[in-house]
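Presented below is the structure to which this report refers.
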Amino acid sequence: MEVNYKTAMRWCFKVMLFENRELSKIALKVIQAFQDQQFVKIKVINETNNHQIIGIITKIDQVTRRIKLSHDRGIDWLPFDDILNVEPVN
């Protein structure tokens with residue numbers, strides 16, 4: 001399901017209502033980066049360690065709670081719950 005800005009904002013507000021404050025901040029950064037098509041550095045947790053990926057958020061899937069990040073090595077679908085931080089790349 002491809003998401004437009006209005007739908008993405010509704011998703012963000014749902015996260016804000018039902019999740020903790022830190023996830024709300026991450027959701028707002030994801031929405032802003034998606035809207036602006038801005039390069040971001042995303043810190044992700046996985047089974048073995050934390051790692052960072054730099055790319056552009058190209059899709060937000062509300063159903064599976066994942067974002068699609070396009071980067072120089074291809075694409076990754078990142079579960080929203082695995083995202084620790086999102087920062088713009090200047």
The test is side-chain contact (heavy atoms from CB on, under 4.5 Å); show your working for I53 and L78 and say whether it passes.
CA-CA 10 Å; I53 307 170; L78 306 173; 4.1 Å; yes
If I take atom CD1 from residue I67 and atom CG from residue L69, how far apart are they, to the nearest 0.5 angstrom?
6.0 Å
Just how far is it from atom CZ of R66 to atom CG of D81, taken to the nearest 0.5 Å?
12.5 Å
Within 6.0 angstrom of K68 NZ, more than 12 heavy atoms from elsewhere:
yes
Straight-line distance of I31 CD1 to I60 CD1, nearest 0.5 Å:
4.0 Å
Residues V63 and D61: closest non-hydrogen pair is N-OD1, 2.9 Å
So how far is it from F39 CZ to I56 CD1, rounded to the nearest 0.5 Å?
3.5 Å
Quick one, K43 with N50, criterion side-chain contact (heavy atoms from CB on, under 4.5 Å). Give me CA distance, side-chain angles, the key distance, then yes/no.
CA-CA 7 Å; K43 186 174 184 180; N50 299 343; 4.0 Å; yes
Option passing salt bridge (charged side-chain N to carboxylate O under 4.0 Å, His left out) with E87 (candidates K29, K41, K25)
K29
Would you say W77 and T64 make side-chain contact, with heavy atoms under 4.5 Å?
no
For I26 and F80, what are the C-alpha separation, side-chain angles and deciding distance, and is it a side-chain contact (heavy atoms from CB on, under 4.5 Å)?
CA-CA 9 Å; I26 291 170; F80 183 76; 3.8 Å; yes
Kindly compute the distance separating CD1 (I57) from NE2 (H71), expressed to the nearest 0.5 Å.
12.0 Å
L84 side, atom CG; H51 side, atom NE2 - distance, nearest 0.5 Å
10.0 Å
